[in-house]
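Below is one structure; the comments refer to it alone.
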Amino acid sequence: MATPYHDLTEVDASPYAPSSTSSTPRASAFPSLLRRASLDFKDADTESLDLAPHPPSSRTGKRDRRILVLSLAGNALLFVLVLVVLASPCRWSGRECVYVRDMGKMAEEAMAKGEVKEMGLMGDISGFVPDFATERVTFLPDAAYAHEDMFSSRAEFDKVAATWRASMPLGRGFITHPNGTASGLPRPYHMVGGKGDGYSIAYLHQVHCVFMLLKHHGSLKFGVTEGGDAARHVTHCYDYLRQSALCAGDAALEGRSESVKGMTDGWGNVHVCRKREEERGWVLENRFSDKVGID
């Protein structure tokens, strides 16, 4: 008959099992083992575990103080480095912010020695185009030239484009120079029956480029295929306008937008500009042709 699992009369051979010569189980061995284990644990606990607090040794205290001093010194050095970088951001970064503070004095000295002749800002190096008077102009949005819905329909876009085309003066921004080549200017335009050398005046070339970007965007929007070298023309305008803006270096200070939160849109700010009608009148009087249009 199978022995029930709770019958201790037969056990496998083990240090705690009865010897082969005895049929009586050593049940009394288990309590004695438990008592011995508990005694051993009690003895080990009382002998090896010392829970009483110990004062730090002098060596440990010196080490902790040394670590604290080094940490404070490192933080102080880092703080000084941060102040140095903030005080001279141009020296410690890749930003282009080097400029000559006494350029005006240097230019005056050079002109006094006859090394260079005086040239106005954004002026003609040949001296043919006069220096126009200046005026203060407040920049304000003009919906005739651009508005938020100008690409909502082809009709609306064409209306805006027509305004741009009409704004270009007769002659399309080209003027006649009596002798540009002799004045050191680059290769001129020539026209059958024309007099003198033809040149594009830069500010109207820039207006033309802005219009070409606007026209290209409209063509993409309304699926119009542009012929010729439109791609080259448009990509040229991006870099040309970039260099034109950097050359002008308009120093007008622009504040926060009144209509768009967190943005500077340039509206409502005063700029010092050449008198627009005065310069436009001179261009008309000295135009190279009677051609019309902007593109």
Side-chain angles (χ1 to χ4, degrees), residues 107 110-111 114-137 139 142 144-146 160-216 226-251 271-295:
M111 285 186 288
E115 296 175 356
V116 295
K117 69 173 185 177
E118 184 176 4
M119 291 182 292
L121 177 65
M122 308 295 293
D124 165 31
I125 61 172
S126 73
F128 175 63
V129 181
D131 291 330
F132 302 102
T134 59
E135 60 182 346
R136 295 186 178 186
V137 177
F139 282 16
D142 190 338
Y145 289 89
V160 170
T163 303
W164 280 82
R165 289 189 172 97
S167 69
M168 179 64 73
L170 188 64
R172 301 184 66 226
F174 285 82
I175 62 97
T176 302
H177 195 292
N179 195 353
T181 305
S183 302
L185 295 177
R187 296 185 303 276
Y189 287 94
H190 290 114
M191 187 172 62
V192 177
K195 297 180 180 179
D197 299 330
Y199 290 94
S200 168
I201 193 163
Y203 90 97
L204 290 176
H205 183 184
Q206 293 155 20
V207 172
H208 156 79
C209 259
V210 175
F211 174 78
M212 292 303 294
L213 297 178
L214 181 147
K215 177 184 175 182
H216 184 67
E226 294 182 312
D229 64 343
R232 181 211 60 80
H233 202 151
V234 168
T235 53
H236 144 78
C237 283
Y238 281 114
D239 195 28
Y240 177 70
L241 291 174
R242 177 188 68 87
Q243 296 191 41
S244 298
L246 293 175
C247 178
D250 191 344
H271 296 249
V272 179
C273 310
R274 286 192 176 96
K275 284 192 174 181
R276 189 175 306 173
E277 294 305 316
E278 184 177 321
E279 187 169 15
R280 182 185 177 90
W282 184 90
V283 170
L284 281 170
E285 290 177 1
N286 294 273
R287 64 184 180 275
F288 187 59
S289 72
D290 290 333
K291 293 184 177 181
V292 295
I294 193 173
D295 48 359

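The analysis underlying the following values was restricted to heavy atoms, covering all of them including side chains, and did not include hydrogens, waters or symmetry mates.
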Hey, is [atom1] on [X] packed in by over 12 heavy atoms from elsewhere, all under 6.0 Å?
{"X": "Asp295", "atom1": "CG", "answer": "yes"}
{"X": "Arg165", "atom1": "CZ", "answer": "yes"}
{"X": "Tyr189", "atom1": "OH", "answer": "no"}

Fill in: side-chain contact (heavy atoms from CB on, under 4.5 Å) between Gln206 and Leu241, worked out
CA-CA 6 Å; Gln206 293 155 20; Leu241 291 174; 4.0 Å; yes
Worksheet item: Where do Lys215 and Glu226 land on the side-chain contact (heavy atoms from CB on, under 4.5 Å) test, with the steps shown first?
Response: CA-CA 10 Å; Lys215 177 184 175 182; Glu226 294 182 312; 4.0 Å; yes
About how many Å separate [atom2] of [Y] and [atom1] of [X], when rounded to the nearest 0.5 Å?
{"X": "Ser183", "Y": "Ile125", "atom1": "OG", "atom2": "CD1", "answer": "9.0 Å"}
{"X": "Leu213", "Y": "Thr235", "atom1": "CG", "atom2": "OG1", "answer": "10.0 Å"}
{"X": "Ser244", "Y": "Asp239", "atom1": "OG", "atom2": "CG", "answer": "9.0 Å"}

If you compare all heavy atoms of [X] against all heavy atoms of [Y], which two are closest, and at what distance to 0.1 Å?
{"X": "Val129", "Y": "Trp282", "value": "CG2-CH2, 3.7 Å"}
{"X": "Glu278", "Y": "Ala133", "value": "OE2-N, 3.3 Å"}
{"X": "Phe132", "Y": "Arg274", "value": "CD1-CD, 3.9 Å"}
{"X": "Gly173", "Y": "Leu204", "value": "CA-CD1, 3.5 Å"}
{"X": "Ile201", "Y": "Glu279", "value": "CD1-OE2, 4.0 Å"}
{"X": "Lys275", "Y": "Thr134", "value": "CE-O, 3.9 Å"}

Worksheet item: Ignoring hydrogens and geometry, is there a side-chain-to-backbone donor-acceptor pair from Tyr199 to Pro186 under 3.5 Å?
Response: yes
Discussion item. Treating Asp197 as the side-chain partner and Pro188 as the backbone partner, does any N or O pair qualify as donor plus acceptor under 3.5 Å?
Written reply: no
With [X], which residues qualify under side chain to side chain contact (heavy atoms under 4.5 Å, CB included), at least two apart?
{"X": "His205", "answer": "Ser200, His208, Cys209, His236, Tyr240"}
{"X": "Arg187", "answer": "none"}
{"X": "Ala162", "answer": "none"}
{"X": "Ser167", "answer": "Tyr145"}

Practice prompt. Let me see the working for Val207 and Trp164 under side-chain contact (heavy atoms from CB on, under 4.5 Å), right down to the final yes or no.
Written response: CA-CA 9 Å; Val207 172; Trp164 280 82; 4.1 Å; yes
Practice prompt. With the side chain counted from C-beta on, respond yes when Pro178 and Phe128 share a heavy-atom pair under 4.5 Å apart, and no when they do not.
Written response: yes
Fill in: Listed once per pair and sorted, the side-chain hydrogen bond (donor to acceptor under 3.5 Å, both in side chains) pairs that draw on residues 172-181, sequence neighbours left out
Ser126-His177
Discussion item. With side-chain contact (heavy atoms from CB on, under 4.5 Å) as the criterion, how do Leu185 and Asp124 come out once you've worked through the C-alpha distance, each side chain's angles and the decisive distance to 0.1 Å?
Written reply: CA-CA 9 Å; Leu185 295 177; Asp124 165 31; 4.1 Å; yes
Item to complete: Applying side chain to side chain donor-acceptor pair (under 3.5 Å), name anything that partners Arg232, two or more places apart in sequence or on another chain.
Response: Asp229
